[in-house]
Protein chains: 2
Amino acid sequence: MTAPDAPVIRVLLAEDQGMMRSALALLLGLEDDIEVVATVTRGDEVVPAALAARPDVALLDIEMPGSSGLDAAAELRDRLPGCRVLILTTFGRPGYLRRAMEAGAAGFLVKDGPVEELAAAIRRALAGEKVIDPALAAAALSAGASPLTDREREVLAAAVDGATISDISRRLHLSESTVRNYLSAAIGKTGTRNRIEAARAARHNGWL
Amino acid sequence: MTAPDAPVIRVLLAEDQGMMRSALALLLGLEDDIEVVATVTRGDEVVPAALAARPDVALLDIEMPGSSGLDAAAELRDRLPGCRVLILTTFGRPGYLRRAMEAGAAGFLVKDGPVEELAAAIRRALAGEKVIDPALAAAALSAGASPLTDREREVLAAAVDGATISDISRRLHLSESTVRNYLSAAIGKTGTRNRIEAARAARHNGWL
DNA sequence: GGGGTGGCAGGACATTTGTCACGGTTGGTT
DNA sequence: AACCAACCGTGACAAATGTCCTGCCACCCC
């Protein structure tokens, strides 16, 4: 597969869930052409750690404290262009895949299917291939881009945890009327009946 | 640690997320006193698989399709009393721990902390010990039992995905007024301001 | 210049939601 | 028997929510 004395692939691993993180690090370490040179648990630790460890491939979870793996991917592209980025996530949301590609990711894996896929994906990413689940790619194309404007997305995101109109208006420095209008627009565009359904729909599509 | 020719510990693994499942199976298989004799991906496959494979320890995720790992644990206690149950979950919700104990579980692990804990927990469970994170135990005690009645919980659960009062009343065959009253009671008991916050609070405590 | 889109806000209105007070039934305790 | 808790329902009311309309400004594109 690889030449016996090929240089090892240096991997950065970003994953907040402890058991998953250490399991992946252990398993990847078993591959003799892969070395995990850094592991981080927060999104905002990705770039500093990458600048220090100079990995060939960064394996990033999306949902992490600090900042999203998607944001980290975009920043990595600018700060460490030679590093390939693989997104590894629980949820195969169409919008996530879209954003991952826009952030310059080399691949998009869901935390399903066997671990063997992982090492294979890392090698393929380093070879310059794009690694994407075909079914997911189809879903992302059919779902289309987010219909929400930035403000609508912001307001909807602020509403998910049960905040009232006046809470949101204070948090975003908008008038209550404006918040109403944005929420109404988001409800209309998502084809739902209230903010809760709208937020669920947006989240399901990765628009949030 | 164990006698060289001690019988291996037979483990059943129930976990729906593919990568986590295969990673855990692989890592546990590396321990020479542990053998993974069955893996399932759904809650309702736990008992049949256990009856066929006769494991010494069952390692159960909570959030699974089919049925909850907590329900599976309760059923296992009746159908295969010799089998120790370890609950392994993402969320250290106080109510989950409480319910796990009531279902006769031998231990409760969160998917944080290193994988090494796992093998140790399995050995300790088999030795008859209870394996519980002390911090979590304290939280479970201080949080107290759920203040919600069965109906309040049902109505709240039916409301989380954006259903309206009339949706819920149809689904549960109740009058709209009754649904209102239960929701209001749940909001009051959780000390929140609306159904969304109430549902979040209940979910956070594992009351849902 | 004109046209389109997005951000922002206000007003008016119907609907939904949350609260409260009340009455009734059932089942279990003391 | 008296009591309590949970269950189920009604009616009335205030507050929050969602919709629609209007208007203004800035920006970009043709």
Side-chain angles (χ1 to χ4, degrees), chain A residues 95 98-99 102 143-208, chain B residues 95 98-99 102 143-208:
Chain A
R98 176 180 300 271
R99 283 198 272 162
E102 287 168 2
S146 169
L148 303 178
T149 67
D150 280 351
R151 273 308 198 187
E152 287 161 0
R153 186 183 42 71
E154 264 185 282
V155 171
L156 198 53
V160 291
D161 50 351
T164 67
I165 301 261
S166 78
D167 288 342
I168 304 173
S169 78
R170 274 193 299 274
R171 199 182 310 170
L172 298 184
H173 306 290
L174 294 173
S175 91
E176 302 201 356
S177 308
T178 308
V179 173
R180 279 152 181 286
N181 288 336
Y182 283 137
L183 274 180
S184 184
I187 292 169
K189 288 183 179 178
T190 52
T192 51
R193 296 177 299 168
N194 54 50
R195 59 176 76 184
I196 314 181
E197 286 191 349
R200 284 176 59 88
R203 178 173 290 258
H204 176 260
N205 285 316
W207 294 339
L208 209 116
Chain B
R98 177 180 300 270
R99 282 198 272 162
E102 287 168 2
S146 170
L148 303 177
T149 68
D150 282 350
R151 272 307 197 192
E152 287 160 0
R153 186 183 42 70
E154 264 185 281
V155 171
L156 197 53
V160 290
D161 49 352
T164 67
I165 301 263
S166 77
D167 288 342
I168 304 172
S169 77
R170 275 193 299 274
R171 200 182 310 170
L172 298 184
H173 306 290
L174 293 173
S175 94
E176 302 201 355
S177 308
T178 307
V179 173
R180 278 154 186 284
N181 287 337
Y182 283 137
L183 275 180
S184 184
I187 292 169
K189 288 183 178 178
T190 52
T192 51
R193 295 176 301 167
N194 54 50
R195 59 176 76 181
I196 315 181
E197 286 191 349
R200 284 176 59 87
R203 178 173 291 258
H204 176 261
N205 286 315
W207 294 338
L208 208 119

Subject >> Closest approach of A/L208 to A/A199 (non-hydrogen atoms, all atoms of both residues) >> reply: CD1-O, 4.0 Å
Original post:
Is B/T178 touching bases, backbone alone, or none of the nucleic acid, heavy atoms closer than 4.0 Å?
Top reply: base
Original post:
With a non-hydrogen cut-off below 4.0 angstrom, is B/S166 in contact with a base, only sugar-phosphate, or nothing?
Top reply: nothing
Subject >> Value in whole Å for how far the P atom of C/dT19 lies from NZ of B/K189 >> reply: 14 Å
Subject >> Closest nucleotide among D/dT17, C/dG10, C/dT17 to the A/R195 side chain >> reply: D/dT17
**OP:** Find the distance A/L183:CG to C/dG7:C1' and express it as a whole number of Å.
**Re:** 15 Å
Original post:
Could you state the CG-C1' distance from A/N194 to C/dT15, rounded to the nearest angstrom?
Top reply: 12 Å
Subject >> d(CD, A/E197; P, C/dT17) in whole Å >> reply: 10 Å
Subject >> Nearest heavy atoms of B/E152 and B/P147, plus distance in Å >> reply: OE1-O, 4.1 Å
Subject >> Whole-Å gap separating C1' (D/dA16) and CD1 (A/I187) >> reply: 13 Å
Original post:
Of the nucleotides C/dT17, D/dG9, C/dC8, which has the atom closest to the B/I165 side chain?
Top reply: C/dT17
Original post:
Could one point to a donor on the side chain of A/R151 or the base of C/dG7 with an acceptor on the other under 3.5 Å away?
Top reply: no
Original post:
Do you know which two heavy atoms are closest between A/A163 and A/A158, and how far apart they sit?
Top reply: CB-O, 3.5 Å
**OP:** Measure from CZ on B/R193 to P on D/dA16 and round the result to the nearest Å.
**Re:** 10 Å
Original post:
In whole Å, what is the span from the CZ atom of A/R180 to the P atom of C/dC8?
Top reply: 17 Å
**OP:** State which of D/dC7, C/dT19, D/dG18 makes the closest approach to the side chain of B/Y182.
**Re:** D/dC7
Original post:
Side chain of A/N181, base of C/dG10: donor and acceptor closer than 3.5 Å?
Top reply: yes
Subject >> Heavy-atom side-chain proximity of B/R151 to B/T178 below 4.5 angstrom >> reply: no
**OP:** Please state whether the phosphate of C/dT19, meaning OP1 or OP2, lies under 4.0 angstrom from any side-chain nitrogen or oxygen of B/S184.
**Re:** yes
Subject >> Proximal nucleotide (of C/dA9, C/dC8, D/dC8) relative to the A/S175 side chain >> reply: C/dA9
Subject >> Out of D/dG18, C/dA9, D/dC7, whichever nucleotide has its closest atom nearest the side chain of B/D150 >> reply: D/dC7
**OP:** Would you give the length of the straight line joining atom CG of A/L174 to atom CD of A/E154, rounded to the nearest 0.5 angstrom?
**Re:** 8.0 Å
Original post:
Once you round it to whole Å, what is the distance between P of D/dA16 and CD1 of B/I196?
Top reply: 14 Å
**OP:** From the options D/dT17, C/dG10, D/dG11, select the nucleotide whose nearest atom is closest to the side chain of A/S177.
**Re:** C/dG10
